[in-house]
Chemist: 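Sharing a structure below in structure tokens format, with a few things to ask.
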Protein chains: 2
Amino acid sequence: MPAAFSAEPPRTSATAEEEAYRHIQRALRLGRYKPGERLIPEDIAAEIGMSRMPVREAFRRLASDGLVVLRPNRGCVVAGLTVDELYETFEMRSVLEGLAVRLAMPRIDEDELDELDRLLDRMERAGKSGSSDWVVRHQEFHGRICALSQRPKLIHQISALHAVIEPYMRIWFDDVDKPLSAREEHAAVIAALRSGDAGHAEQMMQDHILGTAPMLAEFVTPSR
Amino acid sequence: MPAAFSAEPPRTSATAEEEAYRHIQRALRLGRYKPGERLIPEDIAAEIGMSRMPVREAFRRLASDGLVVLRPNRGCVVAGLTVDELYETFEMRSVLEGLAVRLAMPRIDEDELDELDRLLDRMERAGKSGSSDWVVRHQEFHGRICALSQRPKLIHQISALHAVIEPYMRIWFDDVDKPLSAREEHAAVIAALRSGDAGHAEQMMQDHILGTAPMLAEFVTPSR
DNA sequence: GATTGGATACGTGGATACAAAAATGTTTTT
DNA sequence: AAAAACATTTTTGTATCCACGTATCCAATC
């Protein structure tokens with residue numbers, strides 16, 4: 001999970017399984033493994049310096065998150081998204097983040113709006129230095145709003161959806177010349193928040209998210 | 001997952017882990033274990049006739065589903081819901097099932113509406129014979145509508161949320177003298193579907209689900 | 001030459017064994 | 001007598017080992 005979505009329960013001690021989970025998830029988010037590629041437990045275990053067992057258990061959780069597919073006796077492969085699945089993920093994001101915005105509204109004051117403006121600036125500046133920074137800042141922006149909803153499970157779900165689409169966000173951002181429209185889109189969301197109308201803000205967030213999907217859809221490999 | 005939500009990929013071969021997962025999930029849904037109760041891997045393993053290992057892996061998935069809590073070196077305990085978490089779960093259900101209804105709308109015809117009427121009748125009849133049947137029929141009703149959305153991941157998520165609240169639905173249904181209002185509630189949803197207005201149907205579904213939460217909230221043990 | 005059958009090698013799943021950590025009960029000390 | 005420290009027991013986490021299922025490769029046959 002990204003720092004932006006800090007919904008995870010505070011882990012007291014780091015077990016090997018936890019380390020494997022974080023390691024693999026991070027690699028997947030960065031697009032180090034391509035969709036369809038097989039993940040060999042032994043290799044990853046050797047990489048982190050542990051046995052296969054904790055890695056296998058990490059696979060289960062990653063499969064629950066939808067990041068890998070686990071077929072009996074056939075190992076673990078990176079879960080690519082079809083175009084349909086990408087749209088579906090954005091549909092779910094739209095209603096869940098819409099809900100988050102609506103619930104966050106009572107807690108949004110002038111200070112918070114200023115902070116969001118600052119995050120928007122950081123996002124734009126990061127956009128000039130590459131996809132990695134921009135994607136992180138972008139999640140930070142969405143994460144900040146979601147956090148205000150004060151709904152741990154909701155935040156967790158949204159975070160999981162972001163993890164699934166992150167690789168595609170990176171590809172998209174690297175390929176297209178840096179989207180300046182992104183600033184306007186997010187500025188519009190802030191404006192809606194400033195209006196104080198929860199229903200309107202929810203609608204704006206939904207529109208923003210659903211509007212992003214078609215841009216990414218082009219970069220989904222039509223394989224599978 | 002209940003038969004009503006058949007979003008799971010058809011399992012070809014049944015691994016031990018899969019069997020353990022289904023076994024424990026079923027037990028949790030039926031309320032066989034109380035919230036806070038510890039799940040002993042060895043006991044469950046012996047019960048199904050396998051070693052601790054597959055059970056441990058099943059625990060990981062159940063934790064991802066939010067059905068149990070897994071703390072390092074402290075084992076696996078059944079995840080009870082606080083009142084806040086119960087409301088949060090219903091909030092998420094409301095927007096996700098609302099989305100499902102909206103997306104299902106184009107595929108709802110007269111035959112489908114008749115089928116839903118039939119399911120409503122079965123639900124009411126089942127209500128006279130105990131909570132077990134009613135809860136199953138109730139999920140069947142919601143599952144039927146969700147299935148029409150033809151969104152596998154969405155269906156899966158909704159199904160997971162149902163699994164979390166199922167124990168509370170049973171307690172509520174057993175305690176309160178059988179809620180006749182439930183029929184009217186669901187009939188209203190069907191009526192909204194009949195109207196053909198996707199937005200209206202979505203709103204009705206949201207209202208229906210959010211309206212249910214306060215009734216269950218009374219039966220959440222204030223512990224934790 | 002293509003397709004099917006079988007043998008072999010590989011990888012996954014599960015069980016047992018071992019190590020580390022936490023919980024419990026007992027003893028000792030203040 | 002109460003509290004703290006220690007030892008014991010229980011339980012969890014990890015590693016190694018074995019068996020079975022799957023894939024691959026080669027040969028035989030059509």
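If you're wondering where the values come from, they're calculated on a predicted model, not measured in any experiment. Just so we're on the same page: letters track the sequence lines, and every chain starts at 1.
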Chemist: May I have the distance from A:D43 (atom CG) to C:dT12 (atom P), rounded to whole angstrom?
Modeler: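 So the CG-P distance, A:D43 to C:dT12, works out to 9 Å.
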Chemist: All N/O contacts under 3.5 Å from nucleotides 7-11 of chain C to the protein, with atom names and distances to one decimal?
Modeler:
unit_1	atom_1	unit_2	atom_2	d
C:dG11	O3'	A:R38	NH2	3.2

Chemist: Could you verify whether a donor N or O on one side chain and an acceptor N or O on the other, from B:E124 and B:H186, lie under 3.5 Å apart?
Modeler: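 On atom types as modelled, these side chains do not qualify, holding no pair under 3.5 Å.
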Chemist: Applying salt bridge (charged side-chain N to carboxylate O under 4.0 Å, His left out), can you list everything that pairs with A:R118, at least two apart in sequence or on another chain?
Modeler: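 Checked A:R118 against salt bridge (charged side-chain N to carboxylate O under 4.0 Å, His left out); matches are A:E115.
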Chemist: On the side chain of B:R56, is there an atom forming a donor-acceptor pair with the base of C:dG14 - under 3.5 Å, no angle test?
Modeler: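 Between C:dG14 and B:R56, which were checked side chain against base, a qualifying N/O pair under 3.5 Å is absent.
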Chemist: In chain order, what residues pass the salt bridge (charged side-chain N to carboxylate O under 4.0 Å, His left out) check against B:R151, with sequence neighbours excluded?
Modeler: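 Scan of B:R151 (salt bridge (charged side-chain N to carboxylate O under 4.0 Å, His left out), adjacent residues dropped) gives A:E91.
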Chemist: Would you mind reading off the distance between B:E19 atom CD and C:dG13 atom P, rounded to a whole angstrom?
Modeler: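 Rounded to whole Å, this separation is 16 Å.
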Chemist: Report the residues that fulfil salt bridge (charged side-chain N to carboxylate O under 4.0 Å, His left out) with A:E57, sequence neighbours left out, ordered by chain and then residue number.
Modeler: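 In terms of salt bridge (charged side-chain N to carboxylate O under 4.0 Å, His left out), with neighbours along the sequence ignored, A:E57 is linked to B:R56, B:R60.
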Chemist: Can a salt bridge be assigned to the pair B:R61 and B:E18 using a cut-off of 4.0 Å between side-chain N and carboxylate O?
Modeler: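 Salt bridge between B:R61 and B:E18, a charged N being under 4.0 Å from a carboxylate O: yes.
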Chemist: Any side-chain donor paired with an acceptor under 3.5 Å for A:H23 and A:E47?
Modeler: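 There is such a pair (donor and acceptor under 3.5 Å, judged by atom type) between the side chains of A:H23 and A:E47.
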Chemist: Who pairs with B:E42 by salt bridge (charged side-chain N to carboxylate O under 4.0 Å, His left out), at least two apart in sequence or on another chain?
Modeler: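 Expected list: B:R52.
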Chemist: What is the distance, rounded to the nearest whole Å, between atom CZ of A:R71 and atom P of D:dT22?
Modeler: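 Roughly 11 Å, once rounded to whole Å.
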Chemist: Whole-Å distance between D:dA15 P and A:E17 CD?
Modeler: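 Rounding to the nearest Å, CD of A:E17 and P of D:dA15 are 13 Å apart.
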Chemist: Please produce a list of atom pairs where a protein N or O lies less than 3.5 Å from an N or O of nucleotides 16-18 of chain C.
Modeler:
unit_1	atom_1	unit_2	atom_2	d
C:dA17	N6	B:R52	NH2	3.4

Chemist: How many Å lie between CD on A:E57 and C1' on C:dT12, as a whole number?
Modeler: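 Roughly 15 Å, once rounded to whole Å.
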Chemist: A:F59 CZ to C:dG14 P: how many Å, rounded?
Modeler: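 Rounded to whole Å, this separation is 15 Å.
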Chemist: Just do the salt bridge (Lys or Arg N to Asp or Glu O under 4.0 Å) check on B:E140 and B:R144 with the steps written out, would you?
Modeler: CA-CA 6 Å; B:E140 196 173 43; B:R144 177 92 192 185; over 6 Å; no
